[in-house]
Amino acid sequence: MQPVNLFDLATQQARWLSVRQTTVASNVANVNTPGYRALEVEPFEKVLNGSRVAMQGTSANHLKSGATNASFAVNNTPDPAVLPSQNTVSIEKELVNAGEVRRSFELNTAIVKAFHRMLMNTSRG
């Protein structure tokens, strides 16, 4: 049986969330570093636009297609508010970002669990 594309998509989003969580943690760790420029990861929607999400064939007669691997770009935050120390990290914004990452990880996990449960139920009956 071929892997289901939803699992590949969830894995890709989990990797993206991991990169975003690391970026947020780096920004928070450098909140008092003079001259530090806040970083942000490109949105996951942009990553999806660069990859192809499609059904995968279960037979040799089906057309070949599938999602491609995409890398995640980490960029400086556009037009940040610069503090007197030339630091651009906003702790409030980073805490909001950390909350978004946590909620996205929870949603990703819930979707994968529900899909796995559905696959298990269909294979039993």
Side-chain angles (χ1 to χ4, degrees):
M1 182 174 187
Q2 300 246 344
V4 178
N5 198 22
L6 179 70
F7 290 131
D8 293 336
L9 186 62
T11 301
Q12 188 175 11
Q13 185 189 31
R15 274 192 239 124
W16 178 84
L17 287 168
S18 179
V19 170
R20 186 160 188 230
Q21 186 176 33
T22 302
T23 304
V24 169
S26 176
N27 287 345
V28 170
N30 288 292
V31 71
N32 291 323
T33 304
Y36 181 80
R37 306 301 258 169
L39 301 173
E40 183 59 65
V41 180
E42 67 181 338
F44 189 64
E45 292 79 20
K46 188 173 179 184
V47 173
L48 285 180
N49 288 339
S51 64
R52 185 172 172 202
V53 179
M55 300 288 286
Q56 290 191 356
T58 57
S59 169
N61 296 333
H62 292 170
L63 296 175
K64 304 286 185 221
S65 64
T68 60
N69 292 335
S71 59
F72 312 117
V74 178
N75 306 317
N76 286 332
T77 305
D79 300 322
V82 179
L83 301 173
S85 67
Q86 300 301 312
N87 186 315
T88 61
V89 177
S90 166
I91 194 69
E92 295 85 4
K93 181 177 180 278
E94 297 306 322
L95 291 176
V96 168
N97 288 344
E100 288 174 1
V101 169
R102 181 187 58 82
R103 284 188 301 278
S104 295
F105 264 123
E106 290 173 355
L107 180 61
N108 184 312
T109 303
I111 290 171
V112 169
K113 284 171 80 174
F115 192 67
H116 181 261
R117 213 174 309 120
M118 184 176 61
L119 280 176
M120 295 304 290
N121 285 337
T122 57
S123 65
R124 288 182 195 153

Problem set entry | Atom pair CG (Leu17) and CZ (Arg102), whose distance is rounded to the nearest 0.5 Å | 12.5 Å
Exercise. So, does Asn27 use its side chain to make a donor-acceptor pair with the main chain of Ala38 at under 3.5 Å?
Worked result: no
Exercise. Do Val96 and Val31 belong together in a cluster built from hydrophobic side chains that touch within less than 4.5 Å?
Worked result: no
For this session: Drop me the distance from Trp16's CH2 to Ser104's OG, to the nearest 0.5 angstrom.
Result: 6.5 Å
Problem set entry | Whether Ser26 side chain and Thr22 backbone form a donor-acceptor pair below 3.5 Å | no
Seminar exercise, completed: dist Gln12:CD -> Asn5:CG (nearest 0.5 Å) comes out at 9.5 Å
Exercise. Once you round to the nearest 0.5 Å, how far does CE of Met120 lie from OG1 of Thr122?
Worked result: 9.0 Å
For this session: For the pair Asn87 (side chain) and Asn30 (backbone), establish whether a donor and an acceptor sit closer than 3.5 Å, ignoring hydrogens and angles.
Result: yes
For this session: Determine, step by step, whether Val28 and Ile91 satisfy the side chain to side chain contact (heavy atoms under 4.5 Å, CB included) criterion, reporting the C-alpha distance in whole Å, the side-chain angles of both residues, the deciding distance to 0.1 Å, and the verdict.
Result: CA-CA 7 Å; Val28 170; Ile91 194 69; 4.0 Å; yes
Exercise. What heavy-atom pair brings Thr23 and Glu40 nearest, and what distance separates the two atoms?
Worked result: CG2-N, 4.0 Å
Problem set entry | Parallel, tilted or perpendicular: ring planes of Phe115 versus Phe7, cut at 30 and 60 degrees | perpendicular
For this session: State, to 0.1 Å, how close Val89 and Glu94 come at their nearest heavy-atom pair, and which atoms those are.
Result: CG1-CG, 3.9 Å
For this session: With rounding to the nearest 0.5 Å, note down the distance linking CG in Asn121 to NE2 in His116.
Result: 10.0 Å
Problem set entry | Nearest heavy-atom neighbours spanning Asn108 and Ala14 | ND2-N, 3.7 Å
